[in-house]
Amino acid sequence: MSTTADSLYLRRRIGNVVAITASCATALFGLFFLGWILFTLAAKGLAGINWDLFTKMTPPPMQDGGLANAFFGSAVMCALAIGIGTPLGVLAGTWLAEYGNARKAGTVVRFVNDILLSAPSIVLGLFVYTLYVMQTGGNFSAFAGALSLAFIVLPVVVRTTDAMLRLVPSQMREAALSLGI
């Protein structure tokens with residue numbers, strides 16, 4: 001009985017060493033190529049970063065220029081998305097925390113919010129494309145992009161607002177209500 005247990009133990013130890021060695025080898029293999037990519041990116045990319053990249057507009061192909069319009073457009077879309085998604089999210093989160101606890105509508109809103117939270121961004125983009133871009137003549141705009149980003153921002157803000165307001169103790173709520181809030 002002892003030799004059987006010893007051989008089983010030895011076989012397991014050998015299998016463990018083989019598995020750990022294979023895992024470490026594949027991790028080092030992946031890290032090598034990741035390092036190679038990052039080194040190539042830094043070696044060839046740092047030369048292209050200059051002041052013109054941030055201040056000049058995008059030129060026609062094969063000409064010098066920058067990405068100022070792309071940076072500005074991204075900033076505008078993000079600001080619009082935050083401007084759309086944050087107030088709606090705070091309002092919905094506040095309603096959920098204060099009034100939607102024991103209601104069916106609160107359960108439905110939480111369920112839809114969880115679906116939006118787990119939806120891939122490409123699905124949200126296609127949703128906005130179908131309901132907004134195609135209905136307005138098929139023209140792309142900063143507002144359409146901002147609307148897609150707002151659908152990404154909205155569930156995060158709703159969940160955060162709801163969770164933070166639930167952390168407030170009921171005594172503090174009652175004290176705030178008695179002070180007229």
(message) Are more than 12 heavy atoms, taken from residues, nucleotides or ligands other than Y99, located less than 6.0 Å from that residue's OH atom?
(response) no

(request) For the pair D6 (side chain) and Y9 (backbone), establish whether a donor and an acceptor sit closer than 3.5 Å, ignoring hydrogens and angles. (result) no

(request) Kindly work out whether a path of hydrophobic side-chain contacts (I/L/V/M/F/W/Y, heavy atoms less than 4.5 Å apart) joins I84 to L149. (result) yes

(request) List the steps and the verdict of side chain to side chain contact (heavy atoms under 4.5 Å, CB included) for E98 and R173. (result) CA-CA 10 Å; E98 298 295 329; R173 287 175 198 250; 2.3 Å; yes

(message) What I'd like to find out is whether the side chain of F54 reaches to under 4.5 Å of the side chain of L67, using heavy atoms alone.
(response) no

(request) Under the salt bridge (charged side-chain N to carboxylate O under 4.0 Å, His left out) rule, what do R110 and D114 come out as? Steps first, then yes or no, please. (result) CA-CA 6 Å; R110 277 195 183 89; D114 288 342; over 6 Å; no

(request) Please confirm whether the backbone N or O of V133 pairs with a side-chain atom of T136, one donor and one acceptor, at under 3.5 Å? (result) yes

(message) Just to verify, which of V109, L165, L91 counts as forming a side chain to side chain contact (heavy atoms under 4.5 Å, CB included) with L96?
(response) V109

(message) Would a single hydrophobic cluster contain both V128 and L80, if residues Ile, Leu, Val, Met, Phe, Trp and Tyr are joined by side-chain heavy-atom contacts under 4.5 Å?
(response) no

(message) Membership question, hydrophobic clusters at under 4.5 Å side-chain separation (ILVMFWY): are L131 and M77 in the same one?
(response) yes

(request) Identify the two heavy atoms, one from A81 and one from A146, that lie closest to each other, and give their separation to 0.1 Å. (result) CB-O, 3.4 Å

(message) Does F72 have more than 12 heavy atoms from other residues, nucleotides or ligands lying within 6.0 Å of its CZ?
(response) no

(message) Taking transitive links into account, so neighbours of neighbours count too, which hydrophobic residues share a cluster with F111 at under 4.5 Å side-chain distance?
(response) I115

(request) Is it possible for you to say whether F143 and Y129 belong to one hydrophobic cluster, with membership spreading through side-chain heavy-atom contacts below 4.5 Å? (result) yes

(request) Check T94 against V90 and note the closest heavy-atom contact, atom names and distance. (result) OG1-O, 2.6 Å

(message) Whether the side chain of T26 engages the backbone of S23 through a donor-acceptor N/O pair (distance < 3.5 Å, no angle test) should be reported.
(response) yes

(request) Would you check if L124 and I152 make a side-chain contact, meaning some heavy-atom pair closer than 4.5 Å? (result) yes

(message) Just verifying a value: how many Å separate T161 OG1 and W95 CH2, rounded to the nearest 0.5 Å?
(response) 14.5 Å

(request) Check whether more than 12 heavy atoms from other residues, nucleotides or ligands sit under 6.0 Å from atom CD1 of I122, and answer yes or no. (result) no

(request) Please confirm whether the backbone N or O of G83 pairs with a side-chain atom of T86, one donor and one acceptor, at under 3.5 Å? (result) no

(request) Might you point out which heavy atoms bring G125 and S148 nearest each other, and give the distance in Å? (result) CA-OG, 3.7 Å

(request) For residues I20 and C24, determine if any side-chain heavy atom of one lies less than 4.5 Å from a side-chain heavy atom of the other. (result) yes

(message) Within a 6.0 Å radius of atom CG on N16, are there more than 12 heavy atoms belonging to other residues, nucleotides or ligands?
(response) yes

(request) Only counting residues at least two apart or in another chain, list the ones meeting side-chain hydrogen bond (donor to acceptor under 3.5 Å, both in side chains) with N69. (result) T58

(message) Within this structure, what is the CG-CG distance for the pair N101 and D162, rounded to the nearest 0.5 Å?
(response) 7.0 Å

(request) Please report the closest heavy-atom contact between L154 and G85, naming both atoms and the distance. (result) CD1-O, 3.6 Å

Output a table of donor-acceptor pairs, distance under 3.5 Å, between side-chain atoms of residues 30-49 and any protein atom two or more places apart or on a different chain; print 'none' if there are none.
residue : atom : partner : partner atom : Å
T40     : OG1  : W36     : O            : 2.9

(request) Give the cluster check for L117 versus F127: same hydrophobic cluster or not, with ILVMFWY residues linked at side-chain heavy-atom distances below 4.5 Å. (result) no

